A.B. asks: 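A single structure is presented below for examination.
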Protein chains: 2
Amino acid sequence: MEEKFRLDNQLCFRLYTASRLITQAYHPLLSGYGLTYPQYLVLLVLWEKDEQPVNDIARRLLLETNTVTPLLKRMEAEGIVSRRQGRKDARQMIVGLTKKGRQLQQALADVPETVGSSVLCESVTPETVPGLFGMLDDIIARLLEKRA
Amino acid sequence: MEEKFRLDNQLCFRLYTASRLITQAYHPLLSGYGLTYPQYLVLLVLWEKDEQPVNDIARRLLLETNTVTPLLKRMEAEGIVSRRQGRKDARQMIVGLTKKGRQLQQALADVPETVGSSVLCESVTPETVPGLFGMLDDIIARLLEKRA
DNA sequence: ATAATTTATATCGTTCACGATGCAAATATA
DNA sequence: TATATTTGCATCGTGAACGATATAAATTAT
């Protein structure tokens with residue numbers, strides 16, 4: 001009864017904490033541009049492929065649209081993205097980068113490197129990262145199939 | 001410019017997603033008892049050591065007290081914990097388990113096992129978990145020292 | 001073509017997270 | 001001892017997350 005409940009034995013707590021701390025690490029790099037970490041994720045998605053409906057963005061980030069919609073509205077208010085109704089399908093809202101949103105990619109060019117290096121350590125190196133990625137991907141895939 | 005910004009190359013996104021999905025996995029196991037995942041974490045801390053000041057709980061979970069205080073108040077309203085002023089130090093609020101809070105440990109006895117098994121897969125096994133824990137612990141330690 | 005169903009997005013309510021700030025008790029300093 | 005500083009907790013505001021629900025457009029079935 002004792003051991004299994006120990007906080008130090010919980011994978012979930014490690015993931016939860018690591019996720020929170022890494023988000024905090026992004027904060028000083030993004031806040032100057034009025035960006036939050038989830039908003040930065042949206043930018044990553046749009047930099048890969050501009051002009052996407054809300055649904056595609058949400059699916060790519062594995063978030064619900066009711067999370068993404070208000071987030072996109074805030075980004076629209078900041079002039080980072082634009083939202084327009086779809087032409088073929090009037091239900092869709094197509095989200096695109098504004099000039100400001102595109103320019104942010106240059107401004108944030110050093111962010112991935114900076115955060116990456118702030119995480120590297122003894123056991124997390126360019127050699128071990130693929131293994132870590134693999135395990136996290138497997139965990140995510142496993143939890144996703146359970147969810148369906 | 002392209003590659004480093006790819007969502008699939010981001011450690012942060014994997015941690016963020018894995019954390020969210022594992023929290024979602026807890027939800028059906030906890031909601032029947034009116035518990036959220038962060039509240040479950042508080043219970044883990046109190047089951048290890050009853051009667052702790054807010055500060056100790058927050059530090060153990062690496063959260064701020066302004067996150068933990070309202071959370072504890074909700075748990076108090078649910079009758080899961082009690083809060084009383086400290087005797088030596090009148091500033092402290094000592095948080096303790098109620099009978100209901102203690103009984104939840106028996107009721108939730110299967111939760112760690114259930115969640116654990118829902119994560120096990122090809123690359124995440126009893127043999128590989130220690131390595132994963134080590135890497136996550138190192139990442140957390142690295143980010144914590146940067147924060148100070 | 002009309003009705004039933006599905007799909008895309010949005011709204012609402014609750015609970016975190018957390019930066020900023022306030023306040024009172026405890027401690028350190030003058 | 002009086003004053004300054006630190007400490008522990010709380011309040012406030014903002015932005016996620018997400019379950020539940022709503023609404024309108026598109027699709028399918030009758």
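None of these values were measured; they are calculated from a predicted model. Naming convention: chains lettered A, B, ... in sequence-line order (proteins, then strands); numbering from 1 in each chain.
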A.B. asks: Test of understanding: clusters of I, L, V, M, F, W, Y form through side-chain heavy atoms closer than 4.5 Å, transitively. Do Leu46(A) and Leu7(B) belong to the same one?
C.D. replies: yes

A.B. asks: I need the minimum non-hydrogen distance between Phe133(B) and Asp8(A), along with the two atoms involved.
C.D. replies: CE2-O, 4.1 Å

A.B. asks: So what does Thr36(B) touch, heavy atoms closer than 4.0 Å: a base, only the sugar-phosphate, or nothing?
C.D. replies: sugar-phosphate

A.B. asks: Determine the interplanar angle of the Tyr37(A) and Tyr16(B) rings, folded into 0 to 90°, and report it as parallel if under 30°, tilted if 30 to 60°, perpendicular if over 60°.
C.D. replies: perpendicular

A.B. asks: Mind checking Pro53(A) for me? I need base, sugar-phosphate or nothing, with any heavy atom below 4.0 Å counting as a touch.
C.D. replies: sugar-phosphate

A.B. asks: Between Val129(A) and Leu136(B), is there shared hydrophobic-cluster membership here, with clusters defined by ILVMFWY side-chain heavy atoms closer than 4.5 Å?
C.D. replies: yes

A.B. asks: Quick one: Asn55(A) CG to dA25(D) P, roughly how many Å, whole number?
C.D. replies: 17 Å

A.B. asks: Where each residue is assigned the nucleotide of DNA chain C containing its nearest heavy atom, which of Thr69(A) and Leu21(A) is assigned the position nearer the 5′ end?
C.D. replies: Thr69(A)

A.B. asks: Closest to the Pro38(A) side chain: dA16(D), dT9(C), dG8(D)?
C.D. replies: dA16(D)

A.B. asks: Parallel, tilted or perpendicular for Tyr40(B) and Phe5(A), by the 30°/60° rule?
C.D. replies: perpendicular

A.B. asks: Please determine whether a side-chain nitrogen or oxygen atom of Arg20(A) lies at a distance below 4.0 Å from atom OP1 or OP2 of dA17(D).
C.D. replies: no

A.B. asks: Check Arg83(B), Glu76(B), Gln52(B) against Met93(B) for a side-chain contact (heavy atoms from CB on, under 4.5 Å) and give me the one that passes.
C.D. replies: Arg83(B)

A.B. asks: Please report how far the helix from dA1(C)-dT30(D) to dA30(C)-dT1(D) bends, comparing the axis fitted to its first five pairs with the axis fitted to its last five, to the nearest 10 degrees.
C.D. replies: 10°

A.B. asks: How long is the line joining CG of Leu62(B) and P of dC18(C), in whole Å?
C.D. replies: 10 Å

A.B. asks: If you assign each of Thr67(A) and Asp89(B) to its closest nucleotide in DNA chain D, which residue comes earlier from the 5' end?
C.D. replies: Asp89(B)

A.B. asks: Calculate the interatomic distance between Arg74(B) atom CZ and dT14(C) atom P; express it in whole Å.
C.D. replies: 11 Å

A.B. asks: What is the distance, to the nearest angstrom, from the CD1 atom on Ile57(B) to the P atom on dA10(D)?
C.D. replies: 11 Å

A.B. asks: Check whether any side-chain nitrogen or oxygen of Thr65(A) sits under 4.0 Å from OP1 or OP2 of dT9(C), and answer yes or no.
C.D. replies: no

A.B. asks: Please tell me which of the listed nucleotides, dC18(D), dA10(D), dG8(D), lies nearest to the side chain of Lys73(B)?
C.D. replies: dA10(D)

A.B. asks: Looking at Arg91(A) and dA8(C), is any side-chain donor or acceptor paired with a base atom of the opposite kind under 3.5 Å?
C.D. replies: no

A.B. asks: May I have the distance from Gln52(B) (atom CD) to dG8(D) (atom P), rounded to whole angstrom?
C.D. replies: 14 Å

A.B. asks: Given dA17(C), dC18(D), dA10(C), which nucleotide is nearest the side-chain atoms of Arg83(A)?
C.D. replies: dA10(C)

A.B. asks: With a cut-off of less than 4.0 Å, is there a side-chain N or O of Gln85(B) near OP1 or OP2 of dG8(D)?
C.D. replies: no

A.B. asks: Identify the residue among Thr23(A), Val115(A), Leu21(A) that makes a side-chain contact (heavy atoms from CB on, under 4.5 Å) with Leu143(B).
C.D. replies: Leu21(A)

A.B. asks: Atom CG of Leu72(A) and atom C1' of dT11(C): how far apart are they, to the nearest Å?
C.D. replies: 15 Å

A.B. asks: In whole Å, I'd like the distance from the CE atom of Met75(B) to the P atom of dT15(C).
C.D. replies: 13 Å

A.B. asks: For the atom pair CG (Asp110(B)) and OG (Ser117(B)), what is the distance rounded to the nearest 0.5 Å?
C.D. replies: 10.0 Å

A.B. asks: Kindly indicate whether the side chain of Leu132(B), heavy atoms from C-beta on, has any atom under 4.5 Å from the side chain of Ile139(A).
C.D. replies: yes

A.B. asks: Given dT9(C), dG15(D), dA10(D), which nucleotide is nearest the side-chain atoms of Gln39(A)?
C.D. replies: dG15(D)

A.B. asks: Please determine whether a side-chain nitrogen or oxygen atom of Lys88(A) lies at a distance below 4.0 Å from atom OP1 or OP2 of dA25(D).
C.D. replies: no

A.B. asks: Out of Thr114(A), Leu29(A), Leu44(A), Leu35(A), which one pairs with Leu108(A) under the side-chain contact (heavy atoms from CB on, under 4.5 Å) rule?
C.D. replies: Leu35(A)

A.B. asks: Output the rounded distance in Å from CG (Leu35(B)) to C1' (dT14(C)).
C.D. replies: 15 Å

A.B. asks: Are OP1 or OP2 of dA17(D) and a side-chain N or O of Tyr16(B) less than 4.0 angstrom apart?
C.D. replies: yes

A.B. asks: Can you find a side-chain donor-acceptor pair between Gln92(B) and Asn55(B) that sits under 3.5 Å?
C.D. replies: no

A.B. asks: Can you figure out which of dT11(D), dA16(D), dC9(D) approaches the side chain of Asn66(B) most closely?
C.D. replies: dT11(D)

A.B. asks: Expected output is a numbered-order residue list: members of residues 22-30 of chain A with a heavy atom under 4.0 Å from any atom of DNA chain D. What is it?
C.D. replies: none

